[in-house]
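Letters A, B, ... mirror the listed sequences (proteins, then strands); counts begin at 1.
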Amino acid sequence: MKDDRDDVLPGRRRFLRCMAWAGAGTLWLVKGGVAHAGMLATGAAAADATFGFVQISDSHIGFHQAPNPDPVASLRQSIALVNAQPRRPDFIVHTGDLSHLSKPEQFDTVAELLKEAKTGHVFYLPGEHDVIGDDGKAFFTRFGGGAGGNGWYNFDHHGVHFVALVNVRHLQAGGLGYLGSEQFAWLKQDLAGISASTPVVVFAHMPMWSLYPAWGWGTQDSAQALSLLRRFGSVTVLNGHIHQIQQKVEGTITFHTARSTAYPQPAPGTGPAPGPLKNLPAGRLHDYIGVRDVRHARGSQVLAVTEQSLG
Amino acid sequence: MRWNSILLAGPFALALAAHAATPAASTKAAPGYQVGIRNFHFMPAKLVVPAGGTVTWINHDEEPHVVTSVGDRFKNSPALDTNDHYSATFAQPGTYTYFCSIHPQMVGTIVVR
């Protein structure tokens, strides 16, 4: 999607070039584990998709500062964007950091807002902001903790196997995201009965690869989990946490991090620390936040991942 | 798709944010020793205090942080939002390692002599 505003805003164009992750409307076709960038307008894979779902992430309800003092409004607008899609998503997954400070009223706000979403079901998994002080009790009470009560769970949908992992609990000093041996054992057992030709989609909050460990952007024991996934022909890993789009391909495993519905963070290593990217061009916040649409075509092992900004 | 509504941005948002801080988690800043939290670092990362000294952490980041004792050797802070304070008094000599439970790459040490 061409942005003709670039022609009159050289400053913004420079800014976008620095922030290669930014921009709206990129279509990602995932074929055999390799992501191909295309234009949103083509929509080729979307047309013959058997089903689609939407990922939203990092709503940070309770955040109240620049560049977005009203993340309730931007989450509401994200839901409206989903509801305006020509085809209703089968489900929505929220990949964590619903709240900013794990407060009950922040969780309740998210739950209330997502009741407005036109979809079959909403899946949730926690981010580190959702488990502060109570190890996730308030979160899991509202949004479920999986059959085993530990927060992780699985489900199957139209021949695709979905796994939701929790990598934000029991974090250790000096460490990164953490899955733990109990979750690994569960994942091993879960995947053991799945054929290698089954497409697998993994959700987790923190990136499942060492995206930028100096800023905590990784999961310290993810390699163990990924070793269980390498035999599958098509694995798509969807994360939140870093509030920007980043992709990586490792064999048949493709990793995607999502935008936030609240505020962007800097590209890895640009600036002294992660955190809200405050100095956005005036009025352009909506170009940096949004939702992700994923469509699956049965039999072709194609997942089309489409980014939509609010801008 | 474009949206017509306009979110606050720029200087106005900054001004608003300055007034919007809600120090719900703060305790009154105690006299004594301070550790600043800025850009996802405890500063200083290592602080030496005498036995009985009170250490106060102040979060200057927009992100919340949680002061968490390794091995539960002192009481953990609640979530510290921007400009929130938290204090702990260290009666016994020793080396106390702590980290941020939601950004575990952030590690600090209090040495009590």
Legend entry - Interatomic spacing from NE2 in B:His103 to CH2 in A:Trp215 - rounded to 0.5 Å: 12.0 Å

Inset, instruction - Rounded to the nearest 0.5 Å, what's the gap from CG on A:Asp135 to OG on B:Ser101? Could you check? - result: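 So the CG of A:Asp135 and the OG of B:Ser101 are separated by 10.0 Å.
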
Give me the atom names and distance for the closest heavy-atom approach of [X] to [Y].
| X | Y | result |
| --- | --- | --- |
| A:Gly275 | B:Glu63 | CA-CG, 4.1 Å |
| A:Pro274 | B:Phe40 | O-CE1, 3.1 Å |
| B:Gln105 | A:Ala214 | CG-O, 3.9 Å |
| B:Pro104 | A:Gly175 | CG-O, 3.3 Å |

Heavy-atom cut-off 4.5 Å, strictly under: side chain, backbone, both or neither for [X] against chain B?
| X | answer |
| --- | --- |
| A:Leu171 | both |
| A:Tyr178 | neither |
| A:His100 | both |

Legend entry - Within 6.0 angstrom of A:Glu105 CD, more than 12 heavy atoms from elsewhere: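 Yes, enclosed.
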
Legend entry - Contact leader toward chain B among A:Gly174, A:Gly177, A:Pro213, where contacts are heavy-atom pairs under 4.5 Å: A:Gly174

Given side chains that start at C-beta, do those of [X] and [Y] come closer than 4.5 Å, heavy atoms only?
| X | Y | answer |
| --- | --- | --- |
| A:Pro276 | B:Glu62 | yes |
| A:Ile132 | B:Ile102 | yes |
| A:His64 | B:Asp81 | yes |

